[in-house]
K.L.:
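Take a look at this one; I'll ask things after.
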Amino acid sequence: HVDDPLGGPPAARPALELAARVAPGDSGAPVLDRRGRLAGVLFARSDRRPATAYAVAAAAVRPVLR
């Protein structure tokens with residue numbers, strides 16, 4: 001579940017949950033694995049947990065990138 005940035009109930013959608021601090025405007029940034037390969041694309045941060053961010057998995061965005 002992803003926190004709604006407008007304070008509504010959490011949204012149910014598949015996402016990678018990351019232990020990361022991100023700033024407003026970081027949406028769309030690549031999330032890389034330890035080998036430097038694309039693991040996902042950042043799309044949100046938690047307002048309730050400042051060191052938590054969310055990304056769409058690379059498998060979900062790869063078709064759009066081709």
Side-chain angles (χ1 to χ4, degrees):
H1 291 232
V2 177
D3 294 340
D4 183 321
L6 301 177
R13 68 181 114 180
L16 302 172
E17 185 172 329
L18 310 170
R21 290 187 180 271
V22 298
D26 287 344
S27 293
V31 176
L32 305 177
D33 68 13
R34 292 178 189 227
R35 293 183 176 175
R37 297 176 301 192
L38 181 69
V41 177
L42 188 68
F43 73 87
R45 67 183 178 136
S46 174
D47 288 334
R48 296 181 187 146
R49 295 181 291 166
T52 301
Y54 303 97
V56 175
V61 297
R62 213 169 256 122
V64 177
L65 299 175
R66 293 183 181 186

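One-based numbering along the sequence shown.
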K.L.:
How far does CG of Leu18 sit from OH of Tyr54, to the nearest 0.5 angstrom?
P.N.:
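OH of Tyr54 is found 9.5 Å from CG of Leu18.
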K.L.:
Only distances under 3.5 Å count here; give the side-chain donor-acceptor pairs of residues 20-34 to other protein atoms, sequence neighbours excluded, each with its distance to 0.1 Å.
P.N.:
from, atom 1, to, atom 2, distance (Å)
Asp26, OD2, Ala23, N, 2.7
Ser27, OG, Phe43, O, 3.4
Asp33, OD1, Arg35, N, 2.9
Asp33, OD1, Gly36, N, 3.1
Asp33, OD1, Arg37, N, 2.9
Asp33, OD2, Arg37, NE, 2.9
Asp33, OD2, Arg37, NH2, 3.0

K.L.:
What are the two closest heavy atoms between Leu16 and Ala39, and how far apart are they?
P.N.:
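Of all heavy-atom pairs spanning Leu16 and Ala39, the closest is CD1-O, 3.5 Å.
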K.L.:
Hydrophobic cluster membership, with links at side-chain heavy-atom distances under 4.5 Å among I/L/V/M/F/W/Y: are Val56 and Leu38 in one?
P.N.:
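The answer is yes; both residues are in one hydrophobic cluster.
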